[in-house]
Every structure is written in C-alpha cells, then in structure tokens.
Amino acid sequence: MATVVVPAARGTSTGNPWPAVVTLSIAASIAAMQNTAVVPLLPVLQRELGTSLTAVSWTLTVSLLVGAVSTPLLSRFGDMYGRRRMILGALALLVIGSVMAALATSLAWLIVARVLQGAVSALVPLSIGVVRDALPREQFATGVGVLSATMGFGSGGGMILAGLASGDFHLVFWVIGGLSLAAGIVVAFLVRDSAPPVKGRPDLIGATLLATWLVALLLAVSEGGSWGWTSPGVLGLLGTAAVLAAAWVAVERRVAEPLVDMAMLVHRGTVGATVSSLLLGFTFFTLLTGISSFAQSPEGFSATTLQVGLYLLPSTLFMLVISLFAGRIMRRLPASSMVATGSLVTGLAALYLMIANDAPAHLYAASSIMGVGLGVGYAALGTMAVEHVGQDKTAVASGVNALVRIVGGSTAGAVIAAILAARPGAGGYQWVFGAAAGAGVVAAIFAAGFGYLNSRAVTAPITGPITGPITGPSAR
C-alpha cells in the first residue's frame with residue numbers, strides 16, 4: 001500500500017468531530033443530487049420549454065462546467081478566507097439557484113439558475129480539507145470514504161427524486177432548495193474550520209480561460225453530429241478551444257498561484273488519480289444519462305420518470321450500503337485498488353447494457369452492477385487524490401481531482417448528443433454504452449497502474465512551505 005504523506009504536526013479539534021463529518025457528507029450528497037436530478041427531466045424540459053434535446057442538455061452540462069471552474073477557484077478562496085465560509089457560500093448559491101430554477105419558465109432562465117447551482121461542486125474538496133483537519137490521522141481514510149460514498153448515494157438519490165416528483169421539475173428544485181437550506185443551517189452550527197487562513201491571489205484569468213475553452217470544446221462535440229464535423233462552425237470551435245487551452249496552460253505555468261497546479265496534475269504520485277477520476281466521471285454520467293434517455297425513448301421502454309427512478313433504485317441502494325463499509329474496506333485495501341475495481345465493475349455494467357437491453361430486467365441488473373462499482377470506486381477517489389500530498393496541499397489536490405472528475409462528467413452529454421445524432425435509434429445507444437464501458441476499463445487500468453508504480457512511497461510536488469517530514473523520493 002502506498003505511504004500516506006502528512007505533516008508531523010497536525011491540529012486537532014476538541015469534541016467529537018463525527019457530527020461535522022456526517023453533516024458535510026449529507027451536504028455533499030445534496031450537491032451531487034442537484035446534477036443527477038436533471039438527467040431524467042431532460043425530455044420533460046424539452047417538451048415544457050419548447051426546445052431541442054441538444055439545447056436542453058445544457059441545463060446539465062452548464063452546471064458541470066461551472067463546477068469544473070468553481071471547484072479549484074473556491075478551493076483557493078477556502079485556503080484564503082476559510083473553508084467553512086466557502087462551504088456556506090456554495091450552499092447559499094445552491095439555495096438561490098434552486099429557487100430560481102423552481103420558478104423558471106424559459107430555458108435561458110433555467111440555465112442561469114443552473115449556473116448558480118453549479119458552484120456547489122466545490123463543496124466536496126472543501127469538505128475533504130475540513131475533514132482532514134478535524135479527524136485523527138488514523139480515521140481520515142474512513143471520513144473521506146464516507147464523504148465520497150455518500151456523494152455517490154446522492155447521485156442516485158437525484159434520479160429517485162425526479163421519479164417521485166413524476167417529472168415536475170418545479171417540485172424537484174423546490175425540494176433541493178429546501179434540503180440545501182436545511183443543510184446550510186446545520187453546517188453553520190456543527191462545522192468548524194481549524195485551519196489558519198493563508199495569503200493568496202485567485203487566478204481569475206485562468207478560471208476565465210478554462211471556462212471558455214471547455215464551452216467551445218463541448219459545444220463543438222455536441223453539435224458535430226448535426227452541423228457536420230467538417231463544417232466551419234465545428235472546426236472554428238475546435239480551433240478556438242485548442243488555442244484557448246494552450247493559452248490556459250501557458251498562464252497556469254507562469255502565474256504565481258495557478259488555478260490548477262500543473263505539476264501536481266501530471267506528477268507520478270497523482271496522475272493515476274487524475275486520469276482515473278476523469279474517466280470514471282465520464283463513465284458514470286454517460287451510463288446514467290444513457291440509461292435514463294434509453295428507458296424513456298421509443299427505442300427503449302417509453303418509461304416515465306418514476307419508472308426511470310425505479311430502474312436506478314438498485315444503484316442507489318448499493319451505493320448506500322457500500323458507503324457504510326467503505327472505511328473498513330479502505331483499511332484493508334489500497335485506494336488505487338478500490339478505484340480500479342470500482343471502475344472495472346462500472347464499465348462492466350455498461351458492457352452488459354451494450355449486449356443485453358431488450359427487457360426491464362436488464363436495466364435493473366445493470367443498475368445494480370453500476371451501484372456496486374460506483375460505491376467502491378467513489379469511496380476511494382478522495383483518498384487516492386490526497387494520499388501523496390502534505391496537509392497544506394490537501395485542498396489543492398482535492399480540487400484538481402474534483403475538477404477533472406467534473407470535466408469528465410460534463411463531456412458525457414456532448415458525447416451522447418454527438419453519438420445519437422450520428423446513429424439515431426437503438427443502435428446509437430449501444431455505442432453510448434460502449435463508450436462508457438471503454439472509459440471504465442481504461443480508468444481501471446490507470447488506477448491499477450498508479451497503485452503499482454507507487455507501491456513505494458512517492459510524494460506530490462510541494463510548492464509551499466514544508467511543515468513536516470516527507471516520505472519518499474523528491475519530485476523531479
């Protein structure tokens with residue numbers, strides 16, 4: 001098992017820290033819920049708002065894109081002004097965005113609301129930072145496992161909520177707003193941030209460039225099937241994305257306090273977690289969206305949103321059960337082995353649907369397999385991301401890992417739209433599930449390779465002051 005690198009001295013909080021950990025876990029599950037609840041509602045939104053499925057899919061994509069940018073940005077603000085303050089701010093934006101979405105009568109209004117809701121994605125790395133400060137060293141893996149696994153449970157819960165609301169998106173967002181408000185109140189009373197603030201400067205230029213090139217890229221991918229991959233519009237967007245991405249990398253390598261630490265992103269101690277998170281995020285949202293869309297389509301079963309929620313209920317239950325045992329499992333297995341196993345099992349769920357999808361029983365079976373895979377994989381992602389960094393870099397490493405996972409998820413909608421535009425009908429969904437299966441297998445290979453290469457202790461590059469001993473060879 002890889003050696004966990006932590007500073008020698010570590011602050012501890014008085015009292016029992018677990019109520020705060022549980023509170024943050026519940027808040028994280030609500031943050032995940034607000035994204036997946038939209039997935040089965042896409043056909044409903046298309047019908048009620050009078051727009052195309054490609055256009056309405058941006059209600060999901062834009063929230064994930066905002067999450068990709070806000071995650072490292074709010075993580076930086078958390079270091080500067082306090083993580084608890086940023087957590088409360090993100091929950092406040094989720095409440096405001098949920099109320100706006102519940103009252104929305106147009107696609108433009110709903111997208112604005114989803115932009116506000118997307119900022120809550122930063123809650124996960126911020127919470128991991130708080131948990132690492134609050135828990136004793138030997139309990140940290142358990143705390144992060146609970147936090148990560150309940151996030152997966154919240155993802156399944158969003159689909160169930162949409163089903164129970166019978167497709168009423170107004171009601172869905174009212175419920176999410178109420179839950180977010182309650183979570184914010186409990187966080188304000190139970191969560192404390194013991195880490196001292198540090199001076200810094202937010203990388204606003206980097207955040208702007210990141211958001212712009214991601215939007216250009218995903219717009220090109222989503223419209224490639226309908227506009228034509230060699231059309232001036234698609235080629236122009238791809239060229240713009242390439243130029244802006246290169247400019248973003250150049251800025252991040254030169255700025256004193258980058259939005260994304262490029263050295264940490266590609267270092268041997270973290271690159272396995274980076275790639276695995278990217279691909280597992282893509283696999284999860286591609287499989288989740290693919291099942292929902294296929295089940296509701298004429299090529300599938302013309303299911304209602306409630307039926308879609310029932311099809312996905314096994315995945316939610318398996319993720320919940322596994323989250324209860326995640327800590328015990330991680331005390332026996334390396335995080336990389338768990339992520340590899342979870343990614344492979346999730347990929348097998350997609351492969352199953354690629355081969356067999358002509359009866360509701362197949363959806364239930366695939367949902368169950370997916371729940372096991374995500375429960376195991378998500379429980380270890382947080383630990384895998386930070387086990388080779390010092391305490392002063394926990395938030396940065398968590399932010400980078402959450403960012404790439406969200407970027408992976410945000411590409412799912414664009415890829416599905418491109419595949420179904422090129423291959424309409426049932427055959428298109430086989431390609432969708434095939435893409436998810438391939439990504440899951442590759443994620444498993446990277447996670448397993450990461451564990452093998454780091455069987456001896458390594459550390460991520462340390463750019464801040466060293467406050468304790470470092471185990472393993474220095475970063476090159």
Side-chain angles (χ1 to χ4, degrees), residues 26-67 70 89-121 123 151 153-186 285 288-289 291-293 295-297 302-313 316 409-410 412-413 416-417:
I26 294 173
S29 70
I30 297 171
M33 181 186 296
Q34 60 88 23
N35 270 327
T36 56
V38 175
V39 173
L41 295 176
L42 294 179
V44 176
L45 294 171
Q46 178 188 8
R47 182 177 62 253
E48 294 195 12
L49 300 179
T51 186
S52 67
L53 184 60
T54 300
V56 83
S57 68
W58 280 89
T59 57
L60 172 63
T61 302
V62 74
S63 177
L64 292 169
L65 283 174
V66 171
S70 67
L91 287 171
L93 289 176
L94 179 56
V95 172
I96 296 171
S98 298
V99 172
M100 290 178 60
L103 298 173
T105 56
S106 68
L107 179 61
W109 185 253
L110 182 58
I111 286 178
V112 171
R114 295 289 292 155
V115 167
L116 295 177
Q117 288 182 311
V120 80
S121 296
L123 188 145
M151 181 178 65
F153 170 70
S155 297
M159 306 289 286
I160 303 300
L161 172 61
L164 292 176
S166 300
D168 185 349
F169 76 90
H170 303 285
L171 177 59
V172 169
F173 288 119
W174 280 123
V175 171
I176 292 175
L179 292 174
S180 305
L181 179 60
I185 293 173
V186 178
F285 273 95
L288 196 67
T289 308
I291 290 175
S292 174
S293 180
Q296 294 182 74
S297 70
S302 299
T304 64
T305 52
L306 178 58
Q307 288 173 314
V308 171
L310 292 175
Y311 291 146
L312 291 162
L313 180 60
T316 305
S410 67
I416 290 174

Which atom pair, heavy atoms only, marks the closest approach of [X] to [Y]?
{"X": "Pro40", "Y": "Ala162", "value": "CG-CB, 3.4 Å"}
{"X": "Ala183", "Y": "Ile30", "value": "CB-CD1, 3.8 Å"}
{"X": "Ala165", "Y": "Val172", "value": "CB-CG2, 3.6 Å"}
{"X": "Phe173", "Y": "Ala102", "value": "CB-N, 3.7 Å"}
{"X": "Gln307", "Y": "Ser302", "value": "OE1-O, 4.3 Å"}
{"X": "Gly167", "Y": "Val44", "value": "O-CG1, 3.3 Å"}

[atom1]/[X] to [atom2]/[Y] distance, rounded to the nearest 0.5 angstrom?
{"X": "Leu313", "Y": "Met159", "atom1": "CG", "atom2": "CE", "result": "11.5 Å"}
{"X": "Leu179", "Y": "Leu94", "atom1": "CG", "atom2": "CG", "result": "9.5 Å"}
{"X": "Leu42", "Y": "Thr305", "atom1": "CG", "atom2": "OG1", "result": "11.5 Å"}
{"X": "Ile111", "Y": "Leu60", "atom1": "CD1", "atom2": "CG", "result": "11.5 Å"}
{"X": "Leu107", "Y": "Thr51", "atom1": "CG", "atom2": "OG1", "result": "5.0 Å"}
{"X": "Ile160", "Y": "Thr36", "atom1": "CD1", "atom2": "OG1", "result": "9.5 Å"}

Worksheet item: Is it true that a side-chain atom of Gln296 and a backbone atom of Val308 form a donor plus acceptor pair closer than 3.5 Å?
Response: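 Side chain of Gln296 to backbone of Val308, a donor-acceptor pair under 3.5 Å: no, none is there.
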
Practice prompt. Check for a donor-acceptor pair, side chain of Ser293 on one end and backbone N or O of Thr289 on the other, with a separation under 3.5 Å.
Written response: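 Absent.
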
Worksheet item: In a check of side-chain contact (heavy atoms from CB on, under 4.5 Å) between Leu181 and each of Val95, Ile176, Val186, which one passes?
Response: Val95

Practice prompt. Compare all side-chain heavy atoms of Leu312 with those of Leu288 and state whether any distance is below 4.5 angstrom.
Written response: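 Result yes, sub-4.5 Å side-chain heavy-atom pair found.
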
Discussion item. Taking the side chain as everything from C-beta on, heavy atoms only, tell me whether Trp174 gets closer than 4.5 Å to Leu103.
Written reply: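 A side-chain contact under 4.5 Å exists here.
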
Discussion item. Test side-chain contact (heavy atoms from CB on, under 4.5 Å) on Trp58 and Leu65; report intermediate values, then the result.
Written reply: CA-CA 10 Å; Trp58 280 89; Leu65 283 174; 3.7 Å; yes

Discussion item. Can you tell me which residue among Ser63, Ser180, Ser98 is in a side chain to side chain donor-acceptor pair (under 3.5 Å) with Gln117?
Written reply: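 When side chain to side chain donor-acceptor pair (under 3.5 Å) is applied between Gln117 and each of Ser63, Ser180, Ser98, only Ser98 qualifies.
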
Worksheet item: Picking from Thr61, Thr59, Asn35, what satisfies side chain to side chain donor-acceptor pair (under 3.5 Å) with Arg114?
Response: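 Of the listed residues Thr61, Thr59, Asn35, the side chain to side chain donor-acceptor pair (under 3.5 Å) partner of Arg114 is Asn35.
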
Fill in: Sequence neighbours excluded - side-chain hydrogen bond (donor to acceptor under 3.5 Å, both in side chains) pairs with any residue from residues 156-173
none

Fill in: Set of residues satisfying ring-ring contact (aromatic ring centres under 6.0 Å, His included) with respect to Tyr311, sequence neighbours excluded
Tyr364

